Number of protein chains: 2
Amino acid sequence: MIHIDFRDPRPIYEQVYDALRNLIVSGVLAPGEKLPSVRELASTLAINPNTIQRAYRELESDGYLCSVPGKGSFASGSDAARSAHRRELLDRFCALAEELRAAGVSDENMIRAIRGGERT
Amino acid sequence: MIHIDFRDPRPIYEQVYDALRNLIVSGVLAPGEKLPSVRELASTLAINPNTIQRAYRELESDGYLCSVPGKGSFASGSDAARSAHRRELLDRFCALAEELRAAGVSDENMIRAIRGGERT
DNA sequence: AAAACTGTATTAAACGAATTAATACAGTTG
DNA sequence: CAACTGTATTAATTCGTTTAATACAGTTTT
């Protein structure tokens with residue numbers, strides 16, 4: 001379900017965050033669907049529960065899931081999740097476009113890069 | 001000339017790297033112009049020479065400057081530097097566009113984001 | 001009601017990357 | 001020769017991440 005790369009310099013909690021967010025926004029985890037418990041996922045991935053807890057905490061504070069003490073953690077509505085994710089990506093996208101413009105890249109060349117995936 | 005933010009979670013050597021690269025690709029540091037020595041810049045910024053050394057080493061390995069033992073470090077030709085920088089930014093840009101496409105954002109909406117800087 | 005689950009919080013230890021510190025060596029310049 | 005330059009190395013420190021070991025309160029199950 002989730003794969004952790006221990007050679008990846010990025011923190012584990014961040015890898016877990018990204019993986020779960022992707023499952024949520026893609027709808028693999030349906031809105032309202034229950035996620036594995038903190039301890040269960042920690043056991044499955046062979047990492048510490050505190051690390052999972054941190055990923056869950058940040059996923060909740062970013063609106064991707066909802067945790068209820070005693071009950072569990074549940075995927076939030078995929079509409080809201082998708083919006084949050086798009087917003088996040090678009091912000092980074094605009095910032096990068098700004099940098100590219102400062103580097104002398106024209107809008108036309110950016111558009112070409114988007115359309116073609118080319119790296120000329 | 002350069003400002004370091006100690007509250008920034010990013011490593012200092014990376015902040016120095018970015019700042020110097022920007023000065024080089026923007027032409028503020030002309031091609032061939034001598035940069036402050038490792039020890040001098042370290043003293044100016046009140047950080048350790050080893051940290052500056054690391055920034056310089058990576059700037060050289062990425063083609064933004066050229067270090068000569070005994071003489072100093074010199075900004076590389078801004079043409080090559082600009083190209084390297086644009087390549088780097090464009091790679092990240094294309095990767096982000098890919099993610100946005102996967103998130104269901106159309107090319108048209110990406111283009112709109114570039115043109116307007118809008119965040120709708 | 002008891003047992004087994006859930007999220008959450010806390011404290012301490014271990015680990016690794018970043019940073020500092022203190023040198024040292026070789027080449028260049030004045 | 002003296003003062004600069006880049007470069008290399010080793011050890012100590014600092015800090016964020018991760019682990020570990022608990023504990024508490026609420027929910028579900030038996």
Side-chain angles (χ1 to χ4, degrees), chain A residues 1-21 23-24 29 31-76, chain B residues 1-21 23-24 29 31-76:
Chain A
M1 190 181 190
I2 293 183
H3 179 253
I4 301 297
D5 180 7
F6 291 96
R7 296 177 308 180
D8 191 325
R10 297 188 322 157
I12 298 177
Y13 75 86
E14 205 174 304
Q15 295 186 45
V16 174
Y17 176 102
D18 284 349
L20 288 179
R21 184 209 54 214
L23 290 176
I24 291 170
L29 287 170
E33 182 172 350
K34 189 178 180 183
L35 277 71
S37 76
V38 169
R39 292 173 181 82
E40 182 188 350
L41 184 55
S43 168
T44 301
L45 300 179
I47 58 186
N48 194 278
N50 293 335
T51 304
I52 301 296
Q53 186 185 342
R54 176 162 183 183
Y56 275 32
R57 187 199 316 142
E58 305 201 355
L59 281 165
E60 176 169 36
S61 94
D62 290 347
Y64 293 112
L65 59 79
C66 179
S67 290
V68 182
K71 299 198 66 177
S73 298
F74 306 87
S76 86
Chain B
M1 191 181 191
I2 293 184
H3 178 253
I4 300 299
D5 180 6
F6 292 95
R7 296 176 309 178
D8 191 325
R10 297 188 321 157
I12 298 177
Y13 75 86
E14 205 174 304
Q15 296 185 45
V16 174
Y17 176 102
D18 284 350
L20 288 179
R21 184 208 55 216
L23 291 175
I24 292 171
L29 288 170
E33 184 172 349
K34 188 177 182 183
L35 276 71
S37 76
V38 169
R39 293 171 180 83
E40 181 187 350
L41 184 54
S43 168
T44 302
L45 300 179
I47 59 187
N48 194 281
N50 293 335
T51 305
I52 301 296
Q53 187 185 342
R54 176 161 183 184
Y56 275 31
R57 186 199 317 141
E58 306 202 354
L59 281 164
E60 176 169 35
S61 95
D62 290 347
Y64 293 113
L65 59 78
C66 180
S67 290
V68 182
K71 299 197 66 177
S73 298
F74 307 86
S76 88

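Here is how names work: the chains are called A, B, and so on, in the same order as the sequence lines, proteins then strands, and each is numbered from 1. Bear in mind the structure is a predicted one, so any value in this text is a computation, not a measurement.
- Nucleotides of DNA chain C lying under 4.0 Å from heavy atoms of chain A occupy a range whose first and last members, 5' to 3', are C/dT6 to C/dT10.
- Remark: A/E33 engages no residue in a salt bridge (charged side-chain N to carboxylate O under 4.0 Å, His left out) (not counting sequence neighbours).
- Closest heavy-atom contact between B/I24 and B/S76: CG2-O, 4.3 Å.
- Expressed to the nearest 0.5 Å, how far SG of B/C66 lies from CD of B/E60 amounts to 5.5 Å.
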What's the verdict on side-chain contact (heavy atoms from CB on, under 4.5 Å) for B/L29 and B/M1, showing C-alpha distance, side-chain angles and the deciding distance?
CA-CA 11 Å; B/L29 288 170; B/M1 191 181 191; 4.1 Å; yes
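- Residues from residues 36-43 of chain B with heavy atoms under 4.0 angstrom of DNA chain D, sorted by number: B/S37, B/V38, B/R39.
- Using a cut-off of 4.0 Å between Lys/Arg side-chain N and Asp/Glu carboxylate O, A/D5 and A/R10 are scored as not salt-bridged.
- Contact check for B/Y64 versus B/L20: no side-chain heavy atoms found under the 4.5 Å cut-off.
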Test side-chain contact (heavy atoms from CB on, under 4.5 Å) on B/L65 and B/S67 and set out the steps.
CA-CA 7 Å; B/L65 59 78; B/S67 290; 3.6 Å; yes
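- Contacts with DNA chain D (heavy atom under 4.0 Å) in residues 4-18 of chain A: A/P11, A/I12, A/Y13, listed by number.
- Heavy-atom distances under 4.0 Å link DNA chain D to A/I47, A/N48, A/N50, A/T51, A/R54 of residues 47-58 of chain A, given in residue order.
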Side-chain atoms of residues 45-52 of chain A: list all donor-acceptor pairs with protein atoms under 3.5 Å, sequence neighbours left out, distances to 0.1 Å.
residue	atom	partner	partner atom	Å
A/N48	OD1	A/N50	N	2.8
A/N48	OD1	A/N50	ND2	3.4

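- For the pair A/Y56/A/V38, a side-chain contact is recorded, criterion being any heavy-atom separation below 4.5 Å from C-beta on.
- Residue A/K71 places at least one side-chain N or O closer than 4.0 Å to OP1 or OP2 of D/dT28.
- Listed for the A/T44 side chain is a donor-acceptor partner under 3.5 Å among the backbone atoms of A/E40.
- Considering all non-hydrogen atoms of both residues, B/F74 and B/L35 come closest at C-CD1, 3.8 Å.
- By the 4.0 Å N-to-carboxylate-O rule, A/D62 lies too far from A/R21 to be salt-bridged with it.
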